[in-house]
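Just below is one structure, and these are the notes that go with it.
Reminder, nothing fancy here: chain letters follow the sequence lines and each chain counts from 1.
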Amino acid sequence: MPLQVYSTLSRKKEPFPRKPGEPVGMYVCGPTVYKPAHIGHMVGPVIFDTVKRYLAYLGYKVTWVVNITDVDDKLIARAGELKTTVPELAERMTADYLDCLKKLNVTGVDHFPKATAHIPQMVEMIGKLVETGFAYPAGGDVYFDVAKDPDYGKLCNRDPEQLEAGSRIEVSDRKHNPGDFALWKGAKPGEPAEVQFDSPWGKGRPGWHIECSAMAKAILGDTLDIHGGGLDLTFPHHENELAQSESANGVPFARVWMHNGLLKLGKDKMAGSVGNVVNVADALPHMTGDAIRFFILQTHYRSPIEMGNWSEDKTGRRLPLPDNMLAAKTAFGTFEEFARRVGRVLGTPFAGVKPPGAGSAARTMAMRYVKFQQRFNEHLDDDFNTGGAVGVLFELVTALNKLADAGKLEDPDKAQPEVRAEFADGAAVVREMCDLLGLKLEPPKTIFADAAGSAGGRSVAGGAGQPLDSQAIISGLMQLLIDLRGNLRDQAKGAAKDNPLKKGLFDQTDLIRKRLAVLGVTLEDRPGGTTGRAG
RNA sequence: GGCCCGGUCGCCAAGUGGUAAGGCAACGGUUUGCAAAACCGUCACCCCCGGUUCGAAUCCGGGCCGGGCCUCCA
């Protein structure tokens, strides 16, 4: 079954309109940079990053654009509250946004065009719409004339009359019809100079929708292959973009319209007005970017994501994150644990495992674990069903854990080489699936394992003049405790059953483990030796 | 009021005609000096009522309930 994608325009799944090897232009509406990004803002980027990864895997040459809205009413208001300028606020919030994307491993965006850097392109498009009669200037503003566009309403599937009937905005004297929307907003008295730009209609700034039309055209051309964004943008934003672009360019604006579902917390959409916002920065101390990404990808992108309730602990204090995010964190631990196991068994970190690759058919077809890969791909072929794909990943990991248990792969004395080779093949498939989902599965930064391998005790031993490296000291002390405990444990295990010292020695080993657990360090005794990890 | 989505185990969530993936939680085991991790087992008549069909969670009709949008929204 070739790739199928649901398009909002046709309201059904369609064969993807491009062939592997062809270029694909993808435009996704980005943020208005006036507040720190919350988890909901990450849903689209994570989804479309995954879409791009899979399309690239299938051989498409994807160019992905995400716009940054850095001039608008909310920015002006917020900058005023903070006693700062719009450019300063926009720059700071853009940096925050980009940092959040990085933390969630959203790496596929090729261009982040800023609205303020594309005013001439917007003016040009507005000018063309005025010339051709689709738009009219009025008192310093310019409006798009909805009545001139017979297709208006086709994306959100509504008649223009319905839209007008429900319109809650006051009808401006300047508009011909209530449904008309601003392409250009004339500067109002008292607005800071930094948000006033020159145009043939006087000083002012662009309307919200025109930036996407103009920047999409500038970078990707008149027709996009994929236009994406949150479900709540369908109307008016995308409907208006579509109307402007098709009126100005005379060709279809986008082949496929993809809209992602919204995040819900309990009964409510997560939104500032409801007061239940979880900023990315609030979540990251409690959950890795990987785990947040996994949380988003567990659900099909068109469904709303349930964050569940927000439970309290025994003392009535609210937990740091909503229930379902914490459940996702726990679930994701299965993969993190598996990645560590891969490191132990193969001697290389999971990140270093080579995926089999889409092209290596001869080798992959012979592999026992390819059927998992096929089922995984079938899910993604079906409108990027990441939830189903994640289920397959769990099944594969369980199968490989079983294999590792049966083959005693963690016991240096008993490990069977042929089983180990099979495990390595399976791990390569897991690596590929994780790459497609954008899950890095990097080993957590253990406070001692890192240091032990790198700087180690060297900076401590550096002596006079060398600043003491506290990480290195902690690392060394931790290793010392592990070694000491190991010796005690060996003695205890070696002691005869009736030896009264036996229990006492074990008590000491347990004391060390419990005390370290309090510090957040988990010690695990395995056939190959004791390992420790933070968390 | 209009348009559009949904209702699948305590919670989350795949499944769109062939007899219910997966995860979290729970319980019982295996393993372990004890743990941790892992593995095994137990745990769903798919909101209700009709209809179509050899066969329906899936299709059709009618209810009930929830959500999104109807010019700030990712």
Side-chain angles (χ1 to χ4, degrees), chain A residues 8 11 28-32 37-45 47 72-74 77 153 156-159 161-169 178-182 208-209 228-237 239-240 259-264 267-273 294-295 298-300 302-309 323-324 326-334 337-338 340-341 375 379 382 385-395 397-398 401-402 404-406 410 489 492-493 495 497 502-503 505-507 509-510 513-514 517 522-527 531 533:
Chain A
T8 307
R11 270 158 281 133
V28 177
C29 288
T32 299
H38 65 242
I39 302 286
H41 292 131
M42 295 295 113
V43 174
I47 297 300
D72 121 308
D73 293 345
K74 293 194 293 292
C156 66
N157 191 33
R158 265 168 276 188
D159 296 331
E161 301 93 66
Q162 288 174 2
L163 294 168
E164 286 175 26
S167 175
R168 60 162 106 111
I169 203 170
D180 292 352
F181 55 90
W208 175 32
H209 319 296
L231 200 57
D232 52 351
L233 294 181
T234 311
F235 186 86
H237 188 230
E239 189 72 51
N240 290 172
H259 287 103
N260 61 269
L262 305 181
L263 211 52
K264 285 170 56 191
K267 288 191 177 263
D268 300 308
K269 170 168 85 168
M270 192 165 90
S273 53
F294 167 78
F295 168 70
Q298 264 184 309
T299 303
H300 184 93
R302 280 190 285 118
S303 302
I305 299 177
E306 294 280 354
M307 298 183 83
N309 295 309
D323 295 351
N324 287 341
L326 293 174
K329 177 187 176 179
T330 305
F332 190 67
T334 299
E337 186 57 41
F338 178 75
R340 281 192 282 273
R341 188 171 204 178
R375 282 206 292 139
H379 277 116
D382 182 11
N385 183 354
T386 54
V390 164
V392 175
L393 183 53
F394 269 108
E395 289 178 44
V397 166
T398 297
N401 272 327
K402 199 184 298 192
D405 281 357
E410 296 204 48
R489 190 162 166 265
K493 289 176 85 165
K497 255 189 179 166
K502 192 178 179 94
K503 182 173 184 310
L505 287 170
F506 271 131
D507 284 349
T509 65
D510 290 343
R513 190 170 54 202
K514 277 177 192 159
T522 305
L523 295 189
E524 299 170 329
D525 296 321
R526 299 176 187 286
T531 59
R533 63 184 163 88

Presence of [X] side-chain N/O under 4.0 Å of [N] phosphate oxygens OP1/OP2:
{"X": "A/T299", "N": "B/rC12", "result": "no"}
{"X": "A/T334", "N": "B/rC24", "result": "yes"}
{"X": "A/K264", "N": "B/rG67", "result": "no"}
{"X": "A/K493", "N": "B/rG33", "result": "yes"}
{"X": "A/N157", "N": "B/rC3", "result": "no"}

Considering Watson-Crick and G-U wobble pairs with both distances under 3.5 Å, what does [N] pair with?
{"N": "B/rC34", "answer": "none"}
{"N": "B/rG6", "answer": "B/rC65"}
{"N": "B/rA26", "answer": "B/rU42"}
{"N": "B/rU71", "answer": "none"}

Notebook entry, point to check: Which residues pass the ring-ring contact (aromatic ring centres under 6.0 Å, His included) test with A/H237, sequence neighbours left out?
Noted result: A/W208, A/H209
Notebook entry, point to check: For A/G230 and A/D382, take the nucleotide of RNA chain B holding the closest heavy atom to each; which residue's nucleotide lies nearer the 5' end?
Noted result: A/D382
Round to a whole Å and report the spacing from [atom1] of [X] to [atom2] of [N].
{"X": "A/R513", "N": "B/rA36", "atom1": "CZ", "atom2": "P", "value": "8 Å"}
{"X": "A/H237", "N": "B/rC69", "atom1": "NE2", "atom2": "P", "value": "16 Å"}
{"X": "A/D405", "N": "B/rU30", "atom1": "CG", "atom2": "C1'", "value": "10 Å"}
{"X": "A/E239", "N": "B/rC3", "atom1": "CD", "atom2": "P", "value": "16 Å"}
{"X": "A/H379", "N": "B/rG22", "atom1": "NE2", "atom2": "C1'", "value": "10 Å"}
{"X": "A/I305", "N": "B/rC5", "atom1": "CD1", "atom2": "C1'", "value": "15 Å"}
{"X": "A/H41", "N": "B/rC72", "atom1": "NE2", "atom2": "C1'", "value": "11 Å"}
{"X": "A/L231", "N": "B/rC70", "atom1": "CG", "atom2": "P", "value": "11 Å"}

Euclidean distance for [atom1], [N] against [M] (whole angstrom):
{"N": "B/rA57", "M": "B/rA14", "atom1": "C1'", "value": "12 Å"}
{"N": "B/rC43", "M": "B/rC9", "atom1": "P", "value": "16 Å"}
{"N": "B/rC59", "M": "B/rU8", "atom1": "P", "value": "15 Å"}
{"N": "B/rA44", "M": "B/rG33", "atom1": "P", "value": "36 Å"}
{"N": "B/rA25", "M": "B/rC65", "atom1": "P", "value": "35 Å"}
{"N": "B/rC3", "M": "B/rG63", "atom1": "P", "value": "14 Å"}
{"N": "B/rU52", "M": "B/rU58", "atom1": "P", "value": "15 Å"}
{"N": "B/rC4", "M": "B/rA21", "atom1": "P", "value": "34 Å"}

Touch check for [X], heavy atoms < 4.0 angstrom, all strands: base, sugar-phosphate only, or nothing?
{"X": "A/D510", "value": "base"}
{"X": "A/T234", "value": "nothing"}
{"X": "A/F394", "value": "sugar-phosphate"}
{"X": "A/R375", "value": "nothing"}
{"X": "A/R302", "value": "nothing"}
{"X": "A/E337", "value": "sugar-phosphate"}
{"X": "A/N385", "value": "sugar-phosphate"}
{"X": "A/G391", "value": "base"}
{"X": "A/G44", "value": "nothing"}

Within the sub-3.5 Å range, which N or O atoms of nucleotides 8-11 of chain B have a protein N or O partner, and how far apart are they?
from   : atom 1 : to     : atom 2 : distance (Å)
B/rC11 : O2'    : A/N324 : OD1    : 3.3

Of the candidate nucleotides [options], which contains the atom at the shortest distance from the side chain of [X]?
{"X": "A/N401", "options": "B/rG33, B/rC40, B/rA38", "value": "B/rA38"}
{"X": "A/D525", "options": "B/rG68, B/rC34, B/rA21", "value": "B/rC34"}
{"X": "A/A327", "options": "B/rC3, B/rC24, B/rC39", "value": "B/rC24"}
{"X": "A/E524", "options": "B/rG68, B/rA37, B/rC24", "value": "B/rA37"}
{"X": "A/F506", "options": "B/rA25, B/rA38, B/rG33", "value": "B/rG33"}
{"X": "A/K74", "options": "B/rC72, B/rC40, B/rA74", "value": "B/rC72"}
{"X": "A/H38", "options": "B/rU71, B/rA38, B/rA74", "value": "B/rA74"}

Heavy-atom distance under 4.5 Å between the side chains of [X] and [Y], does that happen here?
{"X": "A/E239", "Y": "A/R158", "answer": "no"}
{"X": "A/P31", "Y": "A/H41", "answer": "no"}
{"X": "A/R513", "Y": "A/R489", "answer": "no"}
{"X": "A/R341", "Y": "A/R526", "answer": "no"}

Check: Is there a donor N/O on one and an acceptor N/O on the other, under 3.5 Å, for the side chain of A/R11 and the base of B/rC4?
Finding: no
Next item on the list: Would you check, one step at a time, whether the test salt bridge (Lys or Arg N to Asp or Glu O under 4.0 Å) holds for A/D405 with A/K402?
Entry: CA-CA 5 Å; A/D405 281 357; A/K402 199 184 298 192; over 6 Å; no
By side chain to side chain contact (heavy atoms under 4.5 Å, CB included), which residues pair with [X], not counting sequence neighbours?
{"X": "A/K329", "value": "A/M287"}
{"X": "A/T334", "value": "A/F394, A/V397"}
{"X": "A/H379", "value": "A/N385, A/A389, A/V392"}
{"X": "A/D73", "value": "A/K185, A/R205"}

Margin query: Strictly distance-based, threshold 3.5 Å: is any side-chain N or O of A/K264 a donor or acceptor partner for the main-chain N or O of A/I305?
Written below: no
